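Please read these numbers as outputs of a predicted model, since none were measured by experiment. Order of the sequence lines fixes the chain letters, A, B, ..., with proteins taken first and strands second; residue numbering starts at 1 for each chain.
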Protein chains: 2
Amino acid sequence: MAAKKQPPTETVGARIRALRLAANLTQDEFAAQLNVSRSAIAQWETDRAGQVRDNMERIAKVLNTSLGYLVSGETGSLVGDELALMRLYRACSTEDRRILVLTARRLARS
Amino acid sequence: MAAKKQPPTETVGARIRALRLAANLTQDEFAAQLNVSRSAIAQWETDRAGQVRDNMERIAKVLNTSLGYLVSGETGSLVGDELALMRLYRACSTEDRRILVLTARRLARS
DNA sequence: CTCATAATGTCAATAATTCTAACATAGCGT
DNA sequence: ACGCTATGTTAGAATTATTGACATTATGAG
């Protein structure tokens with residue numbers, strides 16, 4: 001049971017650092033682009049502080065990533081049947097969409 | 001050029017409220033699920049405060065949406081309620097998914 | 001190896017933001 | 001009008017972030 005070292009459970013700070021390094025930026029440079037002190041960056045990357053909405057948004061922009069990835073490490077794309085459902089959903093009236101969502105909610109709860 | 005009232009420039013609070021209402025929740029109930037006071041919710045929805053990482057994450061979870069949508073209004077090409085539906089769909093069993101698609105088909109045909 | 005320099009980590013105090021509780025307002029049905 | 005429910009608002013307490021100074025850790029030259 002070697003179990004290497006799964007990185008799916010990374011932390012927010014770890015992702016920030018990884019992205020910053022990938023962009024060949026020093027904490028100093030990075031801080032400059034975000035208009036904060038370098039020590040702030042250091043704390044962000046060590047998950048001490050800084051996880052504020054505004055920051056996250058700017059970080060995502062500067063480092064060309066998405067908020068979803070930065071914060072929860074997720075990415076989202078649709079596969080075949082999911083896409084089909086989306087098409088149908090979009091073809092529905094506002095009211096029917098509501099019904100559909102409610103139905104989904106009920107089913108998902110079982 | 002009537003320009004209906006398309007809300008592309010919605011605010012975070014507006015999205016929270018819209019999603020909460022779509023889920024048929026009162027501020028009280030919503031607050032209970034998030035373990036915060038109900039006045040906190042009121043402030044979030046009026047963009048006074050509350051835009052903290054942790055909150056946003058829980059909100060997204062409870063309301064079945066994504067952080068990206070909550071915070072910046074976008075996620076991939078799915079908008080809020082669409083993403084919510086996808087989440088629910090994914091939470092369903094294979095059989096329930098089938099039911100959902102059939103339902104969607106029927107509704108879409110009206 | 002030693003020194004210099006660059007990069008990053010840490011801490012204390014300050015500044016900024018949020019949270020809760022209590023009160024105020026709006027809306028609805030009887 | 002009255003009661004009831006849902007939501008808005010305010011003040012102060014509590015939490016959290018930011019900064020600046022200092023400590024630590026590379027890295028490379030000589």
Side-chain angles (χ1 to χ4, degrees), chain A residues 5 7 9-73 98 101-102 105, chain B residues 5 7 9-65 67-73 80-81 84:
Chain A
K5 56 83 195 297
T9 328
E10 256 185 15
T11 169
V12 177
R15 281 189 286 272
I16 294 179
R17 166 164 302 167
L19 288 166
R20 172 177 64 78
L21 292 176
N24 272 328
L25 289 174
T26 172
Q27 284 189 347
D28 256 312
E29 302 166 325
F30 191 37
Q33 294 199 44
L34 295 170
N35 273 318
V36 293
S37 66
R38 356 175 179 119
S39 65
I41 303 288
Q43 294 182 73
W44 299 0
E45 294 189 352
T46 48
D47 294 289
R48 253 163 239 264
Q51 325 227 319
V52 156
R53 184 176 102 76
D54 232 55
N55 290 338
M56 299 306 243
E57 254 182 309
R58 282 177 309 175
I59 291 173
K61 193 161 284 185
V62 169
L63 297 181
N64 281 307
T65 188
S66 76
L67 251 170
Y69 174 71
L70 251 197
V71 175
S72 33
R98 204 179 162 67
V101 170
L102 289 177
R105 203 164 263 143
Chain B
K5 58 94 196 295
T9 330
E10 255 185 17
T11 167
V12 176
R15 282 189 285 274
I16 295 179
R17 167 164 303 168
L19 289 166
R20 173 178 62 78
L21 292 176
N24 274 326
L25 289 174
T26 174
Q27 285 190 348
D28 257 311
E29 302 167 325
F30 191 37
Q33 293 199 43
L34 295 169
N35 274 318
V36 294
S37 66
R38 107 195 75 89
S39 67
I41 303 287
Q43 293 180 69
W44 299 359
E45 294 189 353
T46 48
D47 293 291
R48 254 162 237 262
Q51 326 229 319
V52 157
R53 186 175 99 74
D54 231 53
N55 290 337
M56 300 305 244
E57 252 181 311
R58 280 177 311 174
I59 291 173
K61 194 161 281 183
V62 168
L63 296 181
N64 282 302
T65 190
L67 252 169
Y69 175 72
L70 253 195
V71 174
S72 32
D81 52 336

Open item on the list: What's the closest nucleotide to the side chain of B:T46 if the choices are C:dG9, C:dT18, D:dG8?
Closed with: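 Nearest to the side-chain atoms of B:T46, counting from C-beta on, is D:dG8.
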Between [N] ([atom2]) and [X] ([atom1]): distance, integer Å:
| X | N | atom1 | atom2 | result |
| --- | --- | --- | --- | --- |
| A:Q27 | C:dT8 | CD | P | 5 Å |
| B:L34 | C:dT20 | CG | C1' | 15 Å |
| A:N55 | C:dT17 | CG | P | 11 Å |
| B:D47 | C:dT17 | CG | C1' | 15 Å |
| A:L25 | C:dA6 | CG | P | 18 Å |
| A:D54 | D:dT18 | CG | C1' | 14 Å |
| B:I41 | C:dC19 | CD1 | P | 9 Å |
| A:Q43 | D:dA23 | CD | C1' | 14 Å |

- [ ] Determine whether more than 12 heavy atoms belonging to other residues, nucleotides or ligands lie under 6.0 Å from atom CZ of A:R105.
- [x]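 For A:R105, atom CZ is crowded (more than 12 foreign heavy atoms under 6.0 Å).
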Using a cut-off of 4.0 Å on non-hydrogen atoms, how would the nucleic acid contact of [X] be classed: base, sugar-phosphate, or nothing?
| X | result |
| --- | --- |
| A:Q51 | sugar-phosphate |
| B:A40 | base |
| A:T26 | sugar-phosphate |
| A:R20 | sugar-phosphate |
| A:R48 | sugar-phosphate |

Indicate whether OP1 or OP2 belonging to [N] is found under 4.0 Å from a side-chain N or O atom of [X].
| X | N | value |
| --- | --- | --- |
| B:R38 | C:dA22 | no |
| A:W44 | D:dA17 | no |
| B:N35 | C:dC19 | no |
| B:R53 | D:dA17 | no |

Open item on the list: Run B:M56 and B:V12 through side chain to side chain contact (heavy atoms under 4.5 Å, CB included) and show every step you take.
Closed with: CA-CA 10 Å; B:M56 300 305 244; B:V12 176; 3.3 Å; yes
Open item on the list: Quick check: do A:L25 and A:L63 have side-chain heavy atoms less than 4.5 Å from each other?
Closed with: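 Heavy-atom side-chain distance check passes, below 4.5 Å.
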Task: Ion pair B:K61/B:E57, N-O distance below 4.0 Å - done: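 Between B:E57 and B:K61 there is no salt bridge, as every charged N stays at least 4.0 Å from the carboxylate O atoms.
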Open item on the list: Check this for me: does the side-chain of B:S39 come within 3.5 Å of the base of C:dA21 through a donor and an acceptor?
Closed with: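 Pair found.
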Open item on the list: Treating A:R38 as the side-chain partner and A:Q27 as the backbone partner, does any N or O pair qualify as donor plus acceptor under 3.5 Å?
Closed with: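 Here the side-chain-to-backbone pair does not exist.
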- [ ] Output yes when a side-chain donor or acceptor of A:R58 lies under 3.5 Å from a complementary backbone atom of A:L34, and no otherwise.
- [x]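 Yes: the side chain of A:R58 pairs with the backbone of A:L34.
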TODO: Quick one: closest heavy-atom pair of A:E29 and A:N24, and the distance?
DONE: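 Answer, listing the atom of A:E29 first, then A:N24: OE1-O, 3.8 Å.
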Open item on the list: Checking A:E45 against A:R20 for the side chain to side chain contact (heavy atoms under 4.5 Å, CB included) test, could you report, in this order, the C-alpha distance in whole Å, the side-chain angles of both residues, the deciding distance, and whether it holds?
Closed with: CA-CA 10 Å; A:E45 294 189 352; A:R20 172 177 64 78; 2.6 Å; yes
TODO: For each nucleotide in nucleotides 25-30 of chain C, reading 5' to 3', give B when a protein heavy atom comes within less than 4.0 Å of its base, S when such contact involves only the sugar-phosphate, and - otherwise.
DONE: ------
